[in-house]
Protein chains: 2
Amino acid sequence: MDMIETFKALSNPTRLQILMWLKDPEANFPEQGGHPGVPDDLKGGVCVGSIRNKAGISQSTASQYLDVLQRCGLLLSERHGKWTYFRRNEEAITELAQFVGGEL
Amino acid sequence: MDMIETFKALSNPTRLQILMWLKDPEANFPEQGGHPGVPDDLKGGVCVGSIRNKAGISQSTASQYLDVLQRCGLLLSERHGKWTYFRRNEEAITELAQFVGGEL
DNA sequence: TTGACATATCGCGGTATTACGATATGATGT
DNA sequence: ACATCATATCGTAATACCGCGATATGTCAA
């Protein structure tokens, strides 16, 4: 896990916000769900469009931000049909917390 | 504590390294000490010149980096004579660790 | 196959960061 | 007052990041 890339990813207010919103997808993305073949509990993550709406950024920026968060390992993505669902990678976040709480 | 500024400060390899070196000043800055009127145990911190040498960067860059780390609260500085001694702000680092380990 | 939709990638101008040398400030000793 | 040393600030060119619209790719439905 590249800590420099991770800190860089977190040093943008919108990206930090997205990561925190994804702690509670049900509360923060209520309009999500109801996609064909996808359960309503949002365990699998939230799609780009929902995040884009919530954050108030363009589609290309949303896609790019999520890519940055995924590249450094903080998010995981899974494609179902036309949608790409993003969710937190709790292992990576725990690893980051251990680094900051211990080695840093 | 501005988390965005803090993450920005940490997203530079040299600055991250400096913060980690300052966990153990005695081991990482052995040539430090012996300044008139300053105890040898380095409890008060390490001066800019020692950090500059260790990091292999220019004097102006060292001063600027340390200022960035201080502005976001990760370092504290104290002037004694012509030297400015920098040391870690453990309270701030603990606060950061709690944020990453809890709210993030 | 064609159209519609979701997402990804490209290209751009604007802005910030990087790291430096040059110079200014501040402190010490003579 | 002066020279010297440590640090801070200024000005800079190179590079990276920001956020967007335009466009490309991939998926489904008819």
Side-chain angles (χ1 to χ4, degrees), chain A residues 2 4-18 22 29 31-38 42 44-72 75-87, chain B residues 2 4-19 22 29 31-38 42 44-72 74-87:
Chain A
D2 186 342
I4 298 300
E5 286 308 307
T6 302
F7 287 133
K8 216 177 280 187
L10 293 173
S11 67
N12 173 288
T14 306
R15 284 193 298 256
L16 182 60
Q17 185 74 83
I18 290 170
L22 287 174
F29 303 94
E31 91 281 14
Q32 179 84 25
H35 290 165
V38 173
L42 306 185
V46 179
C47 74
V48 180
S50 298
I51 294 168
R52 158 182 147 68
N53 285 341
K54 179 89 175 177
I57 54 182
S58 74
Q59 185 272 322
S60 60
T61 301
S63 180
Q64 189 178 303
Y65 277 8
L66 292 166
D67 189 52
V68 168
L69 287 167
Q70 193 195 341
R71 274 178 195 282
C72 71
L75 292 187
L76 295 171
S77 75
E78 212 167 330
R79 185 142 222 203
H80 289 281
K82 7 186 193 181
W83 293 277
T84 305
Y85 296 89
F86 285 88
R87 66 180 191 277
Chain B
D2 185 341
I4 298 299
E5 285 308 307
T6 302
F7 287 133
K8 216 177 280 186
L10 293 173
S11 67
N12 173 288
T14 306
R15 283 194 297 258
L16 182 60
Q17 186 72 87
I18 290 170
L19 194 65
L22 287 174
F29 303 94
E31 92 281 15
Q32 179 83 26
H35 290 164
V38 173
L42 306 185
V46 179
C47 73
V48 180
S50 297
I51 294 168
R52 157 184 148 67
N53 285 340
K54 178 90 174 176
I57 54 182
S58 74
Q59 185 271 321
S60 59
T61 300
S63 180
Q64 189 178 304
Y65 277 8
L66 291 167
D67 190 53
V68 169
L69 286 167
Q70 192 195 343
R71 275 177 194 282
C72 72
L74 291 170
L75 291 187
L76 295 171
S77 74
E78 211 167 330
R79 185 140 222 203
H80 290 282
K82 3 185 196 182
W83 295 276
T84 306
Y85 295 90
F86 286 89
R87 65 180 192 278

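Letters go in sequence order (proteins before strands), and every chain restarts at 1.
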For the student: nearest non-hydrogen atoms of B/Thr14 and B/Ala55, plus distance =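 Looking at all heavy atoms of both residues, the closest pair is CG2-CB, 4.0 Å.
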query = Where the side chain of A/Arg79 meets the backbone of A/Lys82, is there a donor-acceptor pair that is under 3.5 Å apart?
reply =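 Such a contact is found between A/Arg79 side chain and A/Lys82 backbone.
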request  = Using modelled atom types only, decide if a donor and an acceptor are shared between the side chain of B/Thr6 and the backbone of B/Asp2 within a distance under 3.5 Å.
outcome  =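 It does hold such a pair.
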Figure out the [atom1]/[atom2] separation between [X] and [N], and round it to whole Å.
| X | N | atom1 | atom2 | result |
| --- | --- | --- | --- | --- |
| A/Ile51 | C/dA6 | CD1 | P | 14 Å |
| A/Leu69 | D/dC18 | CG | C1' | 15 Å |
| A/Ile57 | C/dT7 | CD1 | P | 12 Å |

message = Checking B/Ser60 against B/Ser63: is there a side-chain donor and acceptor pair closer than 3.5 Å?
response =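 Their side chains do not contain a donor-acceptor pair, so the 3.5 Å distance test is not met.
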Nucleotides 6-9 of chain D: which of its N/O atoms have a protein N/O under 3.5 Å away?
from	atom 1	to	atom 2	distance (Å)
D/dT7	OP1	B/Val48	N	3.1
D/dT7	OP2	B/Gly49	N	2.8
D/dT7	O3'	B/Thr84	OG1	3.1
D/dA8	OP2	B/Ser63	OG	2.9
D/dA8	N7	B/Gln59	NE2	2.8
D/dA8	N6	B/Gln59	OE1	2.7

Is any side-chain heavy atom of [X] less than 4.5 Å from a side-chain heavy atom of [Y]?
| X | Y | answer |
| --- | --- | --- |
| A/Gln70 | A/Leu66 | no |
| B/Val48 | B/Phe86 | yes |
| B/Leu10 | B/Leu74 | yes |

Residue pairs involving residues 49-66 of chain A (criterion salt bridge (Lys or Arg N to Asp or Glu O under 4.0 Å); sequence neighbours excluded) =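 Those involving residues 49-66 of chain A do not exist here.
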ask   = In residues 4-17 of chain B, which residues come under 4.0 Å of DNA chain D by heavy atom?
value =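 Those residues: none at all.
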